[in-house]
Novice: 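Once you've had a glance at the structure underneath, I'll fire off some questions.
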4 protein chains.
Amino acid sequence: MSAASPQSRRPRSGNRRDEAARLAVLHAADDLLVEHGFGALTVEAIARRAGVAKQTIYRWWPSKVEILLDTLIEDSAKRLPVPALEPTAETVRGYLRDFARFLTDDPAGKVLLALVAQAQHDPGTADRLQERYLRPRRDQERDMLTRASAAGEITPALDPDTTLDAVVGPLVYRALTGSDVPPDLVDALAGNLLGPRRG
Amino acid sequence: MSAASPQSRRPRSGNRRDEAARLAVLHAADDLLVEHGFGALTVEAIARRAGVAKQTIYRWWPSKVEILLDTLIEDSAKRLPVPALEPTAETVRGYLRDFARFLTDDPAGKVLLALVAQAQHDPGTADRLQERYLRPRRDQERDMLTRASAAGEITPALDPDTTLDAVVGPLVYRALTGSDVPPDLVDALAGNLLGPRRG
Amino acid sequence: MSAASPQSRRPRSGNRRDEAARLAVLHAADDLLVEHGFGALTVEAIARRAGVAKQTIYRWWPSKVEILLDTLIEDSAKRLPVPALEPTAETVRGYLRDFARFLTDDPAGKVLLALVAQAQHDPGTADRLQERYLRPRRDQERDMLTRASAAGEITPALDPDTTLDAVVGPLVYRALTGSDVPPDLVDALAGNLLGPRRG
Amino acid sequence: MSAASPQSRRPRSGNRRDEAARLAVLHAADDLLVEHGFGALTVEAIARRAGVAKQTIYRWWPSKVEILLDTLIEDSAKRLPVPALEPTAETVRGYLRDFARFLTDDPAGKVLLALVAQAQHDPGTADRLQERYLRPRRDQERDMLTRASAAGEITPALDPDTTLDAVVGPLVYRALTGSDVPPDLVDALAGNLLGPRRG
DNA sequence: TCGTAATCGAGACGGTACGTCAGGTCTTAAC
DNA sequence: GTTAAGACCTGACGTACCGTCTCGATTACGA
């Protein structure tokens, strides 16, 4: 029998949004992206995998890009926080190294890369990615750099935004095109842009 | 009228590949990408626009990515040649500025960006892009840098490949995510990486 | 305007099969066959004419043969019923004459002929045609003959099935090959096979 | 090497029609029809199997139906000749039994059935089949019946053409729809239509 | 003897239809 | 009001044949 005893039925939502369904969708999207690539990331497949109706997805997310943004924001807040208080030279360099590892090793890094790629294919994605992820994070990163610079921890040769682009750009570029992103690269870029290690 | 003057009849190919059809496909793909974005770049649409049968496309190109690669290679050889002989500091800087303009203003630049994006979505694309475009061009660029460095024209702080990634990466990254790519950025990056302008 | 008055909106099906779509497909298939022949009877054309998506056709019918079978069964039940109760000699002869007219004049007759033809081209069609149409109808016809015979209304020279083949065969054969099927032919065959008219 | 000794090279046609190509096409069509059915009988497949260029087919035959007619005419003249001189009751019955076997067992019988079927799908085929095969053969058959009748060998209840339709029709009908065509059926029909066997 | 002409295999070409898949909208029925 | 389910139209996918065409090689005939 498929429908077991009545009381064992999962307590379906009724009137309010079903948090279980929301999480199932986010995880399904994440898993599909990591396991089978962006090409396999269809709304249909997400619904199938999450055990959720397509309509439930369309009701809550205007597009699959927003699903990915949701997972990206939640995951990168948890697993790649921007050092906020009293950043030292080592904190900053550590963050950049973490970022490189995030890009290549973390499932959420794949999500970020997929969104950057999709941003090129679709202007709407570019806007939303900037608005919901890149801009807020950049604000935090700029703040980190400014504080570290003010504290004399680092001596950037360029202004903060250019500096960040100059480090993040190459890492993302290499990750996007299927090249490796060795820690050495981060150190080389950081060394050149943040000033020599003190000592 | 459909049948114009007899002598103006198109000399159809017969047994050999029809160059007119080949060019029609390349141009149609290019135009569609620029005008309506990667999402509109379907084989069906290319065939429609080129006035060509779908089968003709599938006969000669294994995927639309290869079509884009063909246009990219032909166009960027013409419009963005890598300075080869006796590169000076100014030649090198000029090339990088041209590259930035190519990315944002040239239709073929859109093709490159689309391919970089697609490389993230599909590993096969990544391989082919590296193999047919990025690697050969990088070889020329490395050569340019090495010669300029040997001639004392520039004094890069990092090894040639890292230097190139450090300039190209940020430009591509900003172009991909829908940010602008100001000439200032090129100059700032070049100034930092190629050494100070002589004077 | 595309959205007319709210109340005139077609009440689309939702979760259940759309009867309007089903009928549109059956009629479109019928019309196309009659108007342009079997060659024009493509799934694409049926979908176009019925204003229905191809997928809707493939969802409900495994092949266009089954579409034709559906129309044939519904139409010939309505327009060519087999006389069931107390068949007289005249009833039987009338049915056979009706059958001849059905073959040549009724749209559904064209459907039957098309299916008989297609049965030769494809064994699967042969099986389904037998199973869904010919066998059930033959059962009724055999019953009719047996009753009429038992009542002394007719005196067939051969067993019922052979008798039926001996009348139906020539009619279908002539219709198939583009010859005419004159009422005289029916009468001649019936006279020879069912015994002389009483009186 | 693929091309063996030079002298073993096939002596290609030059200026006149290549009889080998003609036969290769006829046999290929026949074989394909018997082995894989009418659905597999495409011009492309015939050309492939015959080792012949499509153009060679289109040069000599306006359609695949004409190819089948060519094979049918040649084969049935050889393997199912109509008894011409002094037909006896047994000759006539023998011819009808042969016809039944031809329909079911002879490859050329499959060709005839395929053409009868196709005649229903396409009026052009109906005309050509009548004109090139059915009418001439019917003329011979009618002649046979008339002579046998004049000689007192048989006593048909109906006029010759109706009689022939009445025998041929059921046989073809059953063969078309995938039923068997037992010899008994021929005998029953013949007995009923040609008069009782003389004793 | 050599050009003219028709043949042949090969296969590119613009098309149409195939049967499948996903997109995004809508309706139902259960909760 | 929300859910899973799924029918619906749309449109692209990559493939198979259609019938037309052009090619280059081959062979026969006639000036």
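Just so we're clear, the structure is a prediction, and the values are computed from it rather than from any experiment. Lettering of chains follows the sequences in order, A, B, ..., and the numbering in each one begins at 1. All values below were derived from every heavy atom in this structure, side-chain atoms included, with hydrogens, water molecules and symmetry-related copies excluded.
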Novice: Within the side chain of C/Gln118, is there an N or O that forms a donor-acceptor pair under 3.5 Å with the backbone of C/Thr125?
Specialist: no
Novice: Without swapping roles, check the side chain of C/Lys54 against the backbone of C/Ala47 for a donor-acceptor pair under 3.5 Å.
Specialist: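 No: the side chain of C/Lys54 does not pair with the backbone of C/Ala47.
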Novice: Using atom CZ of A/Arg22 as one end and atom P of F/dT2 as the other, report the distance to the nearest whole Å.
Specialist: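 The answer, rounded to whole Å, is 16 Å.
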Novice: Whole angstrom is fine here: how far is it from NZ in B/Lys54 over to C1' in E/dT16?
Specialist: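 Roughly 10 Å, once rounded to whole Å.
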Novice: From CZ of B/Arg17 over to P of E/dG14, roughly how many Å is that when rounded to an integer?
Specialist: 11 Å
Novice: Which of parallel (below 30°), tilted (30 to 60°) and perpendicular (above 60°) describes B/Phe38 and A/His121?
Specialist: parallel
Novice: Round to the nearest Å and state the distance from A/His36 atom NE2 to E/dA22 atom P.
Specialist: 13 Å
Novice: Could you give the CD1-to-C1' distance, from A/Ile67 to E/dG23, as a whole number of Å?
Specialist: 13 Å
Novice: Over how many whole Å does the gap from D/Trp61 atom CH2 to F/dG19 atom C1' extend?
Specialist: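 About 16 Å, once rounded to whole Å.
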Novice: Are the charged groups of D/Lys110 and D/Glu35 less than 4.0 angstrom apart, N to O?
Specialist: no
Novice: Taking the six-membered ring of D/Trp60, is NZ or CZ of D/Arg17 closer than 6.0 Å to its centre and within 45° of its axis?
Specialist: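 Geometry flag: set, cation within 6.0 Å and 45°.
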Novice: Grab the CG-P distance between B/Asp18 and E/dA12 for me, whole Å please.
Specialist: 11 Å
Novice: Reckon B/Thr56 has a side-chain N or O less than 4.0 Å from the OP1 or OP2 of E/dA12?
Specialist: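 No, B/Thr56 has no side-chain N/O under 4.0 Å of OP1/OP2 on E/dA12.
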Novice: What's the CZ-C1' distance between D/Arg59 and F/dC21, to the nearest Å?
Specialist: 12 Å
Novice: Hey, does C/Trp61 have a side-chain heavy atom less than 4.5 Å from the side chain of C/Val43?
Specialist: no
Novice: Consider the side chain of A/Tyr58, meaning its heavy atoms from C-beta on, and name the nucleotide among E/dT25, F/dC8, E/dG9 that approaches it most closely.
Specialist: E/dT25
Novice: Counting only heavy atoms and a strict 4.0 angstrom limit, can you tell me which residues of residues 41-53 of chain C come near DNA chain E?
Specialist: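 Heavy-atom cutoff 4.0 Å gives C/Thr42, C/Val43, C/Glu44, C/Arg48.
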Novice: Can you find an N or O donor on one side and an acceptor on the other, under 3.5 Å apart, linking the side chain of C/Gln55 with the base of F/dC9?
Specialist: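 Per atom types, no contact qualifies.
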Novice: Thinking salt bridges, do C/Glu74 and C/Arg132 make one under a 4.0 Å N-O criterion?
Specialist: no
Novice: Tell me which of A/Lys64 and B/Trp60 sits closer to the 5' end of DNA chain E, going by the nucleotide each one is nearest to.
Specialist: B/Trp60
